Amino acid sequence: MKNKILNSSILVLPGGAPDLMMKRIKEKKLTAILKNYQQTIVGFSAGAMIQLKRYHITPDEDYPDYGWYSGLGYLDDFDIEVHYQGSSHQKRHIEKAMDDSGLEVIAIYEKGGMICEPKGKRSYFGQIDFFSLPEQK
């Protein structure tokens, strides 16, 4: 796996369970090699979440409890909510995540996405909602 990753020009991180994905990465001793990966990375759902330094999980049928988890740390200046539907349940947990982290949350609907480039440049496509922290006085 290490050689395949090192010799690739694109890395695809699939969806699924982000906490279990990070557990497998650690078990396979891939953390360092992935943290230092310099090529293009594409992430879907859980694969997008683990690209963050820390990410929250909103309770759903797979995760009964709200929680924070450690990711790979490629990105650390925002948080995301994947599979966003605009529900009051999701909005409540986004507010909690912003209170806990002090970070804005980018909510990505099923037909939305974002591209993060070096030096913090971001672009968006499809349906996205932005949740910002209140201005400090």
Side-chain angles (χ1 to χ4, degrees):
M1 280 190 277
K2 289 179 183 178
N3 282 336
K4 291 278 188 188
I5 293 168
L6 286 171
N7 292 309
S8 70
S9 58
I10 187 166
L11 180 64
V12 177
L13 300 173
D19 56 333
L20 295 178
M21 191 181 310
M22 285 303 299
K23 181 180 177 185
R24 297 293 181 269
I25 288 168
K26 290 174 186 169
E27 285 174 359
K28 302 293 183 186
K29 297 181 177 22
L30 297 172
T31 306
I33 196 168
L34 290 175
K35 282 188 175 190
N36 293 310
Y37 191 77
Q38 297 295 310
Q39 304 297 324
T40 301
I41 302 169
V42 177
F44 301 95
S45 187
M49 294 167 74
I50 70 163
Q51 291 184 55
L52 301 172
K53 182 176 182 178
R54 291 184 69 230
Y55 60 90
H56 83 278
I57 294 181
T58 294
D60 63 15
E61 61 276 353
D62 296 318
Y63 291 91
D65 300 311
Y66 167 89
W68 281 93
Y69 301 83
S70 294
L72 293 169
Y74 300 132
L75 307 163
D76 65 0
D77 60 339
F78 62 90
D79 185 24
I80 60 174
E81 177 81 15
V82 296
H83 305 291
Y84 187 62
Q85 298 173 333
S87 72
S88 59
H89 173 78
Q90 286 175 311
K91 288 177 183 175
R92 200 168 45 255
H93 287 89
I94 286 170
E95 293 290 332
K96 181 168 178 36
M98 288 191 308
D99 287 343
D100 291 348
S101 68
L103 297 172
E104 71 172 326
V105 175
I106 300 166
I108 306 170
Y109 290 80
E110 294 300 321
K111 293 185 178 185
M114 64 186 296
I115 298 169
C116 298
E117 297 181 51
K119 299 181 182 172
K121 183 180 178 201
R122 297 184 222 155
S123 53
Y124 308 93
F125 56 91
Q127 196 172 5
I128 306 284
D129 281 349
F130 300 91
F131 293 85
S132 298
L133 297 164
E135 297 273 335
Q136 297 294 325
K137 293 185 180 183

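Each residue takes its place number in the sequence, starting with 1. These numbers come from a predicted model, not from an experiment.
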Any heavy-atom pair between the side chains of [Y] and [X] that's under 4.5 Å?
{"X": "Tyr109", "Y": "Asp129", "value": "yes"}
{"X": "Arg54", "Y": "Asp76", "value": "no"}
{"X": "Tyr55", "Y": "Ile50", "value": "yes"}

Working to the nearest 0.5 Å, report the span between [atom1] of [X] and [atom2] of [Y].
{"X": "Ile106", "Y": "Ser132", "atom1": "CD1", "atom2": "OG", "result": "9.0 Å"}
{"X": "Ser87", "Y": "His93", "atom1": "OG", "atom2": "NE2", "result": "9.5 Å"}
{"X": "Gln38", "Y": "Ser9", "atom1": "CD", "atom2": "OG", "result": "14.0 Å"}

For a side chain to side chain contact (heavy atoms under 4.5 Å, CB included) check, start with the C-alpha distance between Leu72 and Met22, then their side-chain angles and the critical distance, and finish with the verdict. CA-CA 8 Å; Leu72 293 169; Met22 285 303 299; 4.0 Å; yes

Within the side chain of [X], is there an N or O that forms a donor-acceptor pair under 3.5 Å with the backbone of [Y]?
{"X": "Gln90", "Y": "Gln85", "answer": "yes"}
{"X": "Gln39", "Y": "Tyr37", "answer": "no"}
{"X": "Tyr74", "Y": "Leu34", "answer": "yes"}

His89 and Thr58 side chains, donor-acceptor separation under 3.5 Å: no

Looking at Asp77 and Arg122, is there a salt bridge between them, counting it only when a charged N and a carboxylate O are closer than 4.0 Å? yes

Salt bridge (Lys or Arg N to Asp or Glu O under 4.0 Å): pairs with one or both residues in residues 78-94, sequence neighbours excluded: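 Sorted result for residues 78-94: empty, none.
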
Is the Tyr69 ring parallel, tilted or perpendicular to the Tyr63 ring (thresholds 30°, 60°)? perpendicular

In the single-linkage hydrophobic clustering (I, L, V, M, F, W, Y; side-chain heavy atoms under 4.5 Å), do Tyr124 and Ile108 co-cluster? yes

